[in-house]
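Beneath this line is the structure, given in structure tokens, with notes to follow.
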Amino acid sequence: MAYEGILLGMGNPLLDISAVVDEDFLKKYGIKLNDAILAEDKHLPMYEEMTKKYEVEYIAGGATQNSIRVAQWMLQIPGATSYMGCIGKDKFGEEMKKNSKLAGVNVHYYEDGTAPTGTCAVCVVGGERSLVANLSAANCYKSEHLKKPENWALVEKAKYFYIAGFFLTVSPESIQLVAEHAAAKNKVFMMNLSAPFICEFFRDVQEKALPYMDYVFGNETEARTFSKVHGWETDNVEEIALKISQWPKASGTHKRITVITQGADPVVVAEDGKVKKFPVILLPKEKLVDTNGAGDAFVGGFLSQLVQEKPIEECVRAGCYAANVIIQRSGCTYPEKPSFN
């Protein structure tokens with residue numbers, strides 16, 4: 001099977017500015033632990049404050065980009081993955097390009113001259129992360145870029161598409177173009193619930209894309225928010241996963257599979273009206289560095305097996321392996337080679 005360009009991701013490329021902070025810092029900026037939000041005006045000074053007050057690391061991030069990089073790492077096949085998103089024409093943007101090339105991902109960035117490359121403050125307290133994203137250039141992605149022949153060629157080539165829910169706030173039109181292409185060509189289209197705020201405030205665009213989703217990923221908090229928003233009156237993650245899998249589909253080629261992670265609790269997989277649970281690899285607390293990128297890494301590991309047409313058990317096992325590696329390191333980073341067998 002030819003793997004070149006088999007998996008394409010689209011999303012918000014962000015540079016993670018990561019630091020171990022304290023409770024007071026979270027309180028000062030009104031940040032909840034384990035949440036992911038978009039920066040408001042009140043958050044803007046925090047980026048500067050973090051670099052002055054704490055020891056910061058700069059790590060290439062952005063949810064979809066993380067997943068694609070991890071899938072690429074797991075696959076160890078150069079150019080198996082591609083990625084599109086918008087960066088600025090600046091130092092951070094150059095850094096991002098260098099980083100992605102090193103990771104072996106075929107990136108086609110749209111470069112915007114008017115806004116700086118997006119950043120994401122990763123505030124770590126007790127190993128748990130909170131994300132505050134300042135999208136800047138990432139917010140400038142246009143479907144015109146996607147439609148350019150050299151970029152649309154990546155869409156034509158790919159058989160699997162993955163887009164985090166965060167991209168719904170930027171270019172729903174681009175998502176729709178890819179989703180409709182996937183349905184028409186019997187390809188596999190996948191998205192992530194990504195954050196409670198996406199389920200709450202971007203409900204319309206999320207619902208428009210949902211019929212096209214062959215796989216829906218998310219975590220327990222996002223699943224419960226999705227349930228609340230849709231008036232399902234249940235907090236039971238297994239029930240919610242089932243209901244999402246039974247949401248009407250645009251194309252009958254693939255059945256929808258819902259995959260919900262729950263931190264240290266088992267992964268819930270809903271398909272064909274049934275739910276399966278898979279235990280995760282438990283990690284002693286002292287080995288936990290930070291949970292930043294854990295969900296992204298899970299998806300990346302999962303996708304690395306899915307594109308090889310492995311059974312769902314193997315996909316989940318690879319997802320758990322990748323997440324376990326990433327939470328023992330700072331940010332979404334990994335050793336040179338995976339030891340997954």
Side-chain angles (χ1 to χ4, degrees), residues 7 34 63-64 66-75 127-129 160 162 164-165 188-195 213-227 232 234-247 254-285 287-329 332 334 338-341:
L7 172 63
N34 265 326
T64 308
N66 284 344
S67 296
I68 297 296
R69 275 176 38 230
V70 170
Q72 179 61 49
W73 169 68
M74 291 282 288
L75 280 162
E128 303 289 345
R129 61 89 180 127
Y160 296 84
Y162 174 69
V188 179
F189 180 77
M190 304 170 276
M191 286 193 75
N192 203 309
L193 299 176
S194 288
M213 298 179 206
D214 299 308
Y215 284 80
V216 176
F217 295 94
N219 68 24
E220 74 280 42
T221 319
E222 294 149 11
R224 289 187 176 122
T225 305
F226 189 92
S227 170
W232 287 350
T234 177
D235 258 351
N236 181 309
V237 172
E238 294 172 43
E239 273 178 53
I240 298 165
L242 261 182
K243 284 175 101 84
I244 293 174
S245 72
Q246 288 159 346
W247 193 283
H254 309 284
K255 57 189 177 184
R256 182 179 301 111
I257 298 178
T258 314
V259 184
I260 306 292
T261 57
Q262 312 187 83
D265 293 327
V267 178
V268 172
V269 176
E271 63 172 315
D272 287 335
K274 292 189 279 292
V275 170
K276 285 186 191 150
K277 292 202 294 195
F278 299 91
V280 303
I281 310 160
L282 292 174
L283 188 73
K285 188 79 176 150
K287 281 192 163 177
L288 173 71
V289 174
D290 70 53
T291 55
N292 180 26
D296 302 336
F298 173 86
V299 173
F302 187 102
L303 297 178
S304 74
Q305 303 308 298
L306 186 69
V307 302
Q308 299 179 69
E309 300 181 0
K310 297 278 173 67
I312 196 115
E313 294 74 17
E314 282 302 286
C315 298
V316 172
R317 191 168 73 85
C320 292
Y321 163 78
N324 186 265
V325 168
I326 263 80
I327 61 178
Q328 296 182 62
R329 304 166 67 92
C332 197
Y334 37 77
S339 58
F340 178 75
N341 49 22

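None of the values given here were measured: they were computed from a predicted structure. Values reported hereafter were calculated over all heavy atoms of this structure, with side chains retained and with hydrogens, waters and symmetry mates removed. In this chain, numbering begins with 1 at the start of the sequence shown.
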To the nearest 0.5 angstrom, please state how far the [atom1] atom of [X] sits from the [atom2] atom of [Y].
X	Y	atom1	atom2	answer
Met191	Met213	CE	CE	4.5 Å
Cys320	Phe278	SG	CZ	9.0 Å
Leu193	Thr225	CG	OG1	9.0 Å
Leu282	Lys287	CG	NZ	12.5 Å

Is any side-chain heavy atom of [X] less than 4.5 Å from a side-chain heavy atom of [Y]?
X	Y	answer
Ile68	Leu7	yes
Val70	Ile326	yes
Met190	Leu303	yes
Tyr162	Asn192	yes
Arg69	Gln72	no
Gln262	Val267	no
Arg224	Asp235	yes
Pro338	Val325	no

For Glu313, all residues meeting salt bridge (Lys or Arg N to Asp or Glu O under 4.0 Å), sequence neighbours excluded: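 Once residues adjacent in sequence are excluded, the partners of Glu313 under the salt bridge (Lys or Arg N to Asp or Glu O under 4.0 Å) criterion are Lys276.
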
Mind checking side chain to side chain contact (heavy atoms under 4.5 Å, CB included) for [X] and listing every partner two or more places apart, or none if nothing turns up?
X	answer
Ser245	Leu242, Thr258, Ala270
Ile327	Leu283, Leu288, Ala294
Asp272	Lys255, Lys274

Please answer whether the main-chain N or O of [Y] pairs with a side-chain N or O of [X] as donor and acceptor at a distance below 3.5 Å.
X	Y	answer
Arg329	Val289	no
Ser67	Ala297	no
Ser304	Leu75	no

Closest non-hydrogen atom pair, Gly273 against Gln246: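 Heavy atoms of Gly273 and Gln246 come nearest at CA-NE2, 3.8 Å.
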
Which atom of Ala241 lies closest to which atom of Ile260, heavy atoms considered: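 So the minimum-distance heavy-atom pair works out to CB-CG1, 4.1 Å.
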
Output all residues satisfying side chain to side chain donor-acceptor pair (under 3.5 Å) with [X], sequence neighbours left out; order by chain, then residue number.
X	result
Arg317	Glu314
Tyr334	none
Asp265	none
Glu239	Thr234

Results of ring pair (Phe, Tyr, Trp, His ring centres under 6.0 Å) for Tyr321 - residues two or more places apart only: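 Partners of Tyr321 by the ring pair (Phe, Tyr, Trp, His ring centres under 6.0 Å) criterion, ordered by chain and then number, come out as Phe340.
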
List, one per line, each side-chain donor-acceptor pair under 3.5 Å for residues 214-221, sequence neighbours excluded.
unit_1	atom_1	unit_2	atom_2	d
Asp214	OD1	Lys249	NZ	2.6
Asp214	OD2	Phe189	N	2.9
Asn219	OD1	Thr221	N	3.1
Asn219	OD1	Glu222	N	2.9
Asn219	ND2	Glu222	OE2	3.2

